[in-house]
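Per chain, numbering begins at 1; letters A, B, ... match sequence-line order. The shown structure was predicted, so the numbers you read here are calculated from the model rather than taken from an experiment.
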Amino acid sequence: MAEIPKSYDPQGVEQRWYDLWVSSGCFKGVVDPSRESFAVMIPPPNVTGVLHMGHLLNNTLQDIMVRRARQEGKSALWLPGTDHAGIATQSRVEKELKQKEGRSRHDLGREKFLVRASEWRDRHGGIILSQLRKLGASCDWDRTVHTLDAGYSEAVLQAFVTLYERGYVYRGKRMVNWCPVSQTGLSDEEVVMKPSKGQLFRMRYEVADEPGTWLEISTTRPETIPGDTAVAVHPDDERYRRLIGKYVWRPFPRARIPIVGDTAVDREFGTGVLKVTPAHDRTDFEIGRRHSLPVLDVMNPDGTMSPDAGPLAGMERFKARIAAAKLLEELGCLVKTEPYENTVGFSERADVPIEPRLSEQWFIRYPKIEEAKRAVTSGIIRFHPERWTKTYLHWLDNIQDWCVSRQLWWGHRIPVWYRKGADRNDPANRHVSLTAPSDPAGWEQDPDVLDTWASSWLWCLATIGWRKPGVTTPELAHWYPTGALATGPDIIFLWVARMIIAGLELHGPERKNLTDDEIRARVPFHRVYFNGIIRDKLGRKMSKSLGNSPEPLDLIAKFGADGLRFGLLSIAPKGQDILFDEDRVAQGRNFCNKLWNAARFRQMSGPMANNSDLGAVISRLVPASLDDDDFAILHGLAELTDSTNRNLADHEFTAYAQGLYSFFWGDFCDWYVEASKSRLADPALRDSCLAVQDLVLRQFLLMLHPVAPFISEELWHLLGYGGTEDFIQRHHTGTGGELLKALRVHGIKPAASKVTAVASLREFVASVRALKSQAGQATRRDAVVSVQAKDGAARASLESARDKVCRLAGLSAVEFTDDLGGRPGAVTPLGTVSLDVGSNVDIAAERTRIGKELEKLEKAVSAGESKLSNEAFVSKAPAQILEGARRQLEESKARRDELARMLAALG
RNA sequence: GGUCGCGUAGCUCAGUUGGUUAGAGCGCUGCAUUCACAUUGCAGAAGUCACAGGUUCAAGUCCUGUCGCGACCA
């Protein structure tokens with residue numbers, strides 16, 4: 001075996017193993033019906049995207065699940081891919097086109113533009129997938145899918161056609177969210193509500209039939225005044241009821257518009273009078289419909305004012321707002337202007353306020369809403385943390401039809417052709433199919449494309465071969481439904497809920513209602529893990545403009561992929577936002593280094609022996625030469641095995657990482673290895689002791705592997721647990737019970753009582769160290785203590801562990817006495833211990849120290865006494881608790897008395 | 001306005017069916033470097049578990065209310 005360098009250097013190790021894993025086919029998903037399947041589909045990142053902190057965490061979690069599944073012998077698949085990201089990609093390509101050539105996509109034309117966009121994607125896209133390799137992501141790269149791939153596209157269009165045929169798709173003129181920058185409609189889910197500071201304009205309209213009578217109206221959007229076709233008041237509003245049916249003068253362009261009564265008016269808002277602009281507001285549109293008002297569109301698709309806007313025509317919408325206010329003032333219609341804050345919908349992609357706009361769009365009425373709810377409420381799909389269930393159900397309860405058409409070119413073109421010159425809203429004039437009509441000359445295809453989410457909602461299906469309902473593939477049959485989905489709660493509606501709906505409706509033949517068994521077979525996954533959003537140290541969202549987002553690849557280079565993964569995991573409270581702190585990642589790096597050095601110590605402590613499998617290692621243990629520490633660490637190892645199994649199964653990733661950390665660092669390195677040093681010096685005991693280390697390291701590496709794949713693989717081979725090509729992913733720890741059984745068969749029974757004995761000894765050593773530290777003797781190795789042992793057993797225990805204690809506490813001798821007299825010391829579970837400091841006792845300091853501890857114990861004693869003198873407690877508390885309380889009180893009393901005696905003796 | 005979450009050491013957070021003296025990491029203070037590891041070790045200081053009620057023999061944990069913070073939906 002090669003000598004292990006002094007500190008862990010991840011760089012070379014990571015690259016070497018990653019290449020070997022890939023070339024050996026470690027990540028390949030193999031359809032093997034004889035094994036349980038476990039698939040994870042990566043949440044497809046935008047093809048234009050680069051790796052950010054959120055991806056690191058999200059993909060680490062997926063990698064953990066998949067690597068774990070491989071260790072468990074499942075036929076695992078982690079399928080990678082990217083999303084074409086309609087708006088994002090198209091606007092970037094358009095921007096580049098504009099900058100480099102000063103041309104727009106219209107100058108280029110659809111065909112050429114799409115070629116450009118594809119080239120752009122091939123050149124810049126998919127960076128993120130290569131970056132994921134640096135993280136150690138064990139994706140089956142041969143199966144990488146892009147949403148615009150031919151097969152995937154076929155699935156997307158087929159889904160649309162199928163839903164059309166089943167009556168869930170319709171076309172209509174509706175109010176949609178319009179993004180003036182991208183110039184496309186958006187779904188409600190792509191609109192982000194933001195509080196915005198603006199102004200509230202209070203203006204007055206003169207009642208036409210009663211000159212001199214004015215109605216005061218409040219608005220935040222005076223630029224839409226030219227589109228007003230009425231004003232509305234609440235029909236029960238005493239102030240205005242008599243005016244309903246009369247007319248007011250719209251100030252510009254001046255026109256008589258009616259006053260209508262409508263219950264949608266909020267009497268409390270402003271003056272209780274509403275200007276009604278049916279073309280530019282959802283509520284107003286509804287009011288307009290109820291009162292048959294004309295719809296006057298005063299805005300162009302690009303956000304400038306249309307010719308119908310009269311004096312505002314041609315202006316940009318926000319300039320028009322200022323101009324409108326000025327105009328009102330000139331006309332004497334402006335009463336006052338006040339600062340106002342309200343929430344405004346912004347386009348998620350372009351980050352500009354959206355305009356409610358009337359346009360022809362395609363909509364999907366969601367199928368299987370009932371089943372989608374039942375899938376989660378019945379536990380067929382489980383959310384972690386569970387509380388997101390409510391959010392999910394609330395959305396389904398208030399679900400709105402989905403506007404799926406986008407006025408873009410980059411995407412899946414809507415598979416609908418219209419008969420030229422005919423009424424498009426008459427289904428007879430439509431051809432809805434994956435293929436063009438047989439007489440193309442008479443038809444024209446819908447120019448729009450589908451919402452990107454209308455392709456990614458098929459992700460779990462179409463990535464493994466779904467092309468139409470009822471037709472399956474070996475991959476689909478094997479891996480669908482997938483094992484788990486890991487994603488952020490921010491896309492619970494955009495993606496998670498829609499995938500569930502898509503699976504329920506499209507995976508299988510058409511059914512009106514589904515049974516629970518059918519739901520179970522059709523859902524895309526059985527578990528969803530929602531990871532938190534990563535924020536900076538101050539709780540702000542990571543963003544490029546704030547410059548508070550560290551470069552992931554730099555972090556990997558600096559701390560190692562394993563360190564980063566471990567660090568991220570240990571700070572990721574489930575479902576809660578995560579405040580990123582580089583110090584935590586450093587902690588992960590440190591942990592890897594600690595592990596590295598523990599392995600290094602093992603190597604330096606003696607020759608390597610047969611580590612080829614668990615049985616070989618166990619057979620090297622010599623039961624007769626094991627001591628309490630061996631039993632305790634083996635017992636702890638078995639417990640860690642069980643808690644690791646449990647935590648991973650429950651998606652308790654933080655607890656998983658913390659369990660590994662405290663066992664390895666606290667129990668194994670700080671105690672076991674240190675304690676075993678004296679035995680390692682004894683040739684008679686050495687080999688068995690090394691075998692224990694080999695056993696612990698082996699099992700520990702197996703448990704660590706999902707979160708720290710590189711270092712675990714490296715050490716797995718360096719320490720001889722697996723030969724060439726015998727990767728750690730092929731092995732598993734089994735359960736703690738199985739480990740204990742294997743030990744028992746070999747004549748070793750790690751009992752819990754040994755753990756208690758070791759704990760007492762650890763406490764004793766800690767007390768001695770504290771006494772030495774207190775006395776300024778911390779560095780001395782020749783200190784001497786006197787012990788008044790609690791009883792014979794305690795004395796025997798200390799005597800048998802004398803070497804160990806001397807080494808760990810830095811003592812040259814432990815002397816036993818029946819009476820410590822008045823010497824100051826510390827009370828431990830094994831007895832009272834006093835440091836021999838000659839005549840240099842700092843009486844005052846000792847008095848303070850002991851006094852303080854005494855005070856604590858007094859409190860504990862009185863609390864215990866009052867508890868035990870409480871009749872109700874004694875009669876009602878379970879025996880175990882009662883017994884515990886009694887024992888604790890006795891211990892507290894004994895310690896208190898001992899300390900009191902000591903204090904008294906100090907004078 | 002509605003829903004959900006959070007409030008525990010200076011900071012970030014654990015604390016999973018209520019049960020012994022509430023833990024960790026970081027930070028801070030002191031000590032240690034021919035010892036596997038200074039990416040280290042040892043020790044120490046530091047908490048009215050937001051507040052107020054209630055249920056219970058027993059509450060950080062359950063219930064109600066209040067305050068503060070955050071997210072999502074209107």
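- For the pair A/Lys677 and A/Phe601, the cation-pi test (distance below 6.0 Å, angle within 45°) is passed.
- Residues satisfying the side chain to side chain contact (heavy atoms under 4.5 Å, CB included) criterion with A/Glu855, sequence neighbours excluded, are absent altogether.
- Helical stems involving RNA chain B, defined as 3 or more consecutive Watson-Crick or G-U pairs under 3.5 Å, span B:1-7 with B:67-73, B:10-13 with B:23-26, B:28-32 with B:40-44, B:50-54 with B:62-66.
- On the P atoms, B/G2 is 26 Å away from B/U8, given to the nearest whole Å.
- With sequence neighbours left out, A/Val861 forms a side chain to side chain contact (heavy atoms under 4.5 Å, CB included) with A/Glu865, A/Leu889, A/Ser892, A/Lys893, A/Arg896.
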**Request:** Go along nucleotides 29-38 of chain B 5' to 3' and tag each nucleotide: B for a protein heavy atom under 4.0 Å from its base, S when only backbone or sugar atoms are that close, - otherwise.
**Result:** -BSS---BBS

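- Listed candidates were B/A45, B/A74, B/A43. Nearest to the side chain of A/Arg769 is B/A43.
- One interatomic measurement links the two molecules: CZ of A/Phe346 to P of B/C72, which rounds to 14 Å at whole-angstrom precision.
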Polar atom pairs (N or O), protein with nucleotides 20-24 of chain B, under 3.5 Å:
residue: B/U20; atom: O3'; partner: A/Gln888; partner atom: OE1; Å: 2.6
residue: B/U20; atom: O3'; partner: A/Gln888; partner atom: NE2; Å: 3.3
residue: B/U20; atom: O2'; partner: A/Gln888; partner atom: OE1; Å: 2.6
residue: B/U20; atom: O2'; partner: A/Gln888; partner atom: NE2; Å: 3.1
residue: B/U21; atom: OP1; partner: A/Gln888; partner atom: OE1; Å: 3.4
residue: B/U21; atom: OP1; partner: A/Gln888; partner atom: NE2; Å: 3.3

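- Here A/Lys852 lies in heavy-atom contact (under 4.0 Å) with sugar-phosphate atoms only.
- For A/Ala770, whose side chain is taken as the heavy atoms from C-beta onward, the closest listed nucleotide among B/C73, B/G5, B/G44 is B/G44.
- Applying the salt bridge (Lys or Arg N to Asp or Glu O under 4.0 Å) criterion to A/Lys804, with sequence neighbours excluded, gives A/Asp627, A/Asp629.
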